[in-house]
There are 2 protein chains.
Amino acid sequence: MMIDVKTLCLGVLSRGDASGYEIRKEFEEGPLSHFSDAGFGSIYPALKRLLDDGMITMLPHSGDGRPDKKLYRITPAGRHVLYQALTRAPAPDKLRSDLMFILSFGHLLPPRHLDRIINDRITDYRRMIATLEAQEKTAQHTPGDRFVEGMGLAIYRAVATYLEEHRHELVAAALMESQVAE
Amino acid sequence: MMIDVKTLCLGVLSRGDASGYEIRKEFEEGPLSHFSDAGFGSIYPALKRLLDDGMITMLPHSGDGRPDKKLYRITPAGRHVLYQALTRAPAPDKLRSDLMFILSFGHLLPPRHLDRIINDRITDYRRMIATLEAQEKTAQHTPGDRFVEGMGLAIYRAVATYLEEHRHELVAAALMESQVAE
DNA sequence: CAAGATATATAACGAACCAATATATAACAT
DNA sequence: ATGTTATATATTGGTTCGTTATATATCTTG
């Protein structure tokens with residue numbers, strides 16, 4: 001079973017107080033974003049339950065202007081529960097790729113379209129790689145963060161390289177199919 | 001938005017008639033298993049709706065022994081819907097890894113435990129790689145399947161290699177932390 | 001100053017996942 | 001031959017998740 005959203009939130013809060021919105025940002029941009037995910041619709045209910053269970057507390061919002069921002073802080077009980085979760089056996093990794101599902105029927109698709117979606121994806125990955133490489137040089141976080149970002153980089157490079165080196169095989173097969181069809 | 005289970009089922013059925021159970025097996029073992037997933041609890045409701053919508057038909061079960069097995073076949077309408085889905089822009093890839101979440105706190109964990117879970121994961125990946133390499137030589141399927149399996153292999157190798165080459169950095173950081181704590 | 005972008009929170013619906021259950025046949029060991 | 005385990009198959013019910021629409025208040029910028 002995968003780690004649930006409650007635990008993910010505890011993980012973020014163990015690094016410092018944050019609002020629901022800021023937690024969300026961590027999963028969109030931070031080092032955690034590569035291998036974890038959680039949207040608003042999961043985070044807010046999770047925070048509510050964590051609050052009810054005493055795993056986190058809500059800080060009194062500083063009286064100035066904005067009345068709505070709620071800052072959360074992890075409690076000792078919360079840290080304990082987090083630690084327990086971290087020392088449990090991790091579930092297997094999961095890869096989900098619609099592109100790969102599509103490409104498994106690649107030889108049946110229009111060669112032009114095939115070529116385009118593969119190229120687009122290569123561009124996406126190369127862009128992410130460049131961003132990560134730039135970040136690598138600036139302020140680095142914990143050893144754990146460095147490790148995880150390095151893994152992200154390694155995987156993205158492997159994917160981009162594989163797409164570049166093998167796309168012609170698939171496009172060639174699609175071309176042959178489309179000629180047979182005439 | 002990710003491709004839904006209905007479309008995944010159509011994809012499997014486009015390769016030949018199958019029962020719900022057999023479809024499930026495809027996502028557990030076949031080439032599709034690396035980048036897609038669907039459990040019984042999703043497949044059976046999906047088949048029911050596909051049936052209602054005329055995307056698939058149920059074959060009359062061969063009268064022998066087992067009365068329960070239901071074989072499904074894709075209809076022309078179903079092929080059309082599948083084709084539409086395949087030519088839509090694919091959603092970004094998604095990686096979920098509890099191990100990476102845990103390791104992002106790696107320097108705070110007991111070094112021994114850290115070493116063990118990383119080693120276990122390397123073993124898992126090496127085993128998967130060996131299995132794939134063995135299959136690679138035997139009967140190969142479509143060009144699309146070869147492409148997708150090749151991608152799986154490339155990623156698994158990248159992950160295993162990264163873990164092997166960088167695990168000592170993380171374990172070293174954990175050792176220092178645990179000594180500081182004394 | 002107006003307009004858009006950003007930060008923030010929430011509810012509601014539907015999709016999907018997990019666990020429990022039920023049963024029939026095949027295979028295998030004793 | 002018989003009891004037991006494994007395999008193939010289908011279903012449902014509860015829980016969790018993700019998506020989307022909605023609502024405001026602040027910040028930024030032209």
Side-chain angles (χ1 to χ4, degrees), chain A residues 1-10 12-13 17-30 33 36-53 56 58-72 85 91-96 98 101, chain B residues 1-10 12-13 17-30 33 36-53 56 58-72 85 91-96 98 101:
Chain A
M1 193 188 341
M2 282 271 155
I3 287 179
D4 63 16
V5 179
K6 289 202 302 278
T7 308
L8 295 179
C9 290
L10 284 180
V12 173
L13 290 174
D17 302 339
S19 66
Y21 192 88
E22 287 164 342
I23 291 174
R24 167 76 176 121
K25 243 191 345 193
E26 280 301 304
F27 292 117
E28 237 184 10
E29 303 170 8
S33 66
S36 307
D37 195 22
F40 290 115
S42 322
I43 290 173
Y44 286 115
L47 288 174
K48 189 162 295 182
R49 253 176 313 162
L50 287 170
L51 204 54
D52 290 346
D53 297 349
I56 60 177
M58 202 191 306
L59 300 186
H61 25 72
S62 49
D64 59 312
R66 52 205 128 163
D68 258 329
K69 178 168 186 176
K70 294 175 184 170
L71 265 190
Y72 297 96
D93 297 339
K94 232 182 239 180
L95 300 177
R96 279 299 299 268
D98 283 0
F101 178 75
Chain B
M1 193 187 345
M2 283 270 155
I3 288 178
D4 62 16
V5 178
K6 292 204 300 279
T7 308
L8 295 179
C9 289
L10 284 179
V12 173
L13 290 173
D17 303 339
S19 67
Y21 191 88
E22 287 164 342
I23 292 174
R24 167 74 177 124
K25 245 192 341 195
E26 279 302 303
F27 292 117
E28 237 184 13
E29 303 170 7
S33 67
S36 307
D37 195 21
F40 290 117
S42 323
I43 291 173
Y44 285 115
L47 288 174
K48 190 164 294 182
R49 251 176 316 162
L50 287 170
L51 203 54
D52 289 346
D53 297 349
I56 60 177
M58 201 191 309
L59 300 186
H61 26 71
S62 48
D64 58 311
R66 51 206 127 166
D68 258 330
K69 178 168 184 174
K70 293 175 185 170
L71 265 190
Y72 296 96
D93 296 341
K94 231 181 240 178
L95 299 178
R96 280 301 297 270
D98 283 359
F101 178 76

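Each chain gets a letter, A, B and so on, in the order its sequence line appears, and its residues count up from 1. Every value quoted in this text rests on a predicted model; they were computed, and no experiment measured them.
The side chain of B/Tyr44 contributes no N or O atom lying less than 4.0 Å from OP1 or OP2 of D/dT11.
A residue-by-residue look at B/Gly41 and B/Tyr21 shows that B/Tyr21 has its nearest nucleotide of DNA chain D further toward the 5' end. Looking at which nucleotide of DNA chain C each of B/Lys6 and A/Tyr72 is closest to, the 5′-most match is held by A/Tyr72. Comparing B/Ser19 and B/Lys94 by the nucleotide of DNA chain D that holds the closest heavy atom to each, the one mapping nearer the 5' end is B/Ser19.
Rounded to an integer number of Å, the gap from B/Phe40 CZ to D/dG14 C1' is 19 Å. The distance between atom NZ of B/Lys70 and atom P of D/dT11, rounded to the nearest whole Å, is 4 Å. Going from atom CE of B/Met58 over to atom C1' of D/dA10 covers 11 Å, rounded to whole Å. As a whole-Å value, the separation of B/Lys25 NZ from D/dA10 C1' is 15 Å. Rounded to a whole Å, the CD atom of A/Glu28 is 14 Å from the P atom of D/dG18. The CG-P distance, from A/Leu47 to C/dA9, rounds to 9 Å in whole Å. The CG atom of A/Leu59 sits 16 Å away from the C1' atom of C/dT8 (whole-angstrom rounding). The separation between A/Leu71 atom CG and C/dT8 atom P is 8 Å, rounded to whole Å.
For B/Leu50 against B/Cys9, the heavy-atom pair with the smallest separation is CD1-CB, 4.0 Å.
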> Can A/Leu10 and A/Ile56 be said to form a side chain to side chain contact (heavy atoms under 4.5 Å, CB included), step by step?
Replying inline: CA-CA 8 Å; A/Leu10 284 180; A/Ile56 60 177; 3.9 Å; yes
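The listed nucleotides are C/dA15, D/dT12, C/dT10; the one nearest the side chain of B/Lys48 is D/dT12. The side chain of B/Arg49 has C/dA15 as its nearest neighbour among C/dA15, C/dC17, D/dC17. Side chain of A/Ser42, nearest nucleotide from C/dC17, C/dT10, D/dG18: D/dG18.
Rotation axes derived from the C1' atoms of the five outermost pairs at either end of the helix from C/dC1-D/dG30 to C/dT30-D/dA1 lie 40° apart, to the nearest 10°.
Nucleic acid contact for A/Gly20: sugar-phosphate only, since backbone atoms but no base atoms lie under 4.0 Å from a heavy atom of the residue.
Between A/Ser36 atom OG and B/Asp98 atom CG the span is 7.5 Å, to the nearest 0.5 Å. Interatomic distance, A/Asp93 CG to B/Arg96 CZ, rounded to the nearest 0.5 Å: 10.5 Å. Here the straight-line distance linking atom CG of B/Asp4 with atom CZ of B/Arg49 works out to 7.5 Å at 0.5 Å rounding.
Contact annotation: the side chain of A/Leu8 approaches that of A/Ile3 to within less than 4.5 Å [non-hydrogen atoms, C-beta and beyond].
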Show which side-chain atoms of residues 23-30 of chain B pair as donor or acceptor with protein atoms under 3.5 Å away, not counting sequence neighbours.
{"unit_1": "B/Arg24", "atom_1": "NH1", "unit_2": "B/Ala38", "atom_2": "O", "d": "3.1"}
{"unit_1": "B/Arg24", "atom_1": "NH2", "unit_2": "B/Glu28", "atom_2": "OE2", "d": "3.4"}

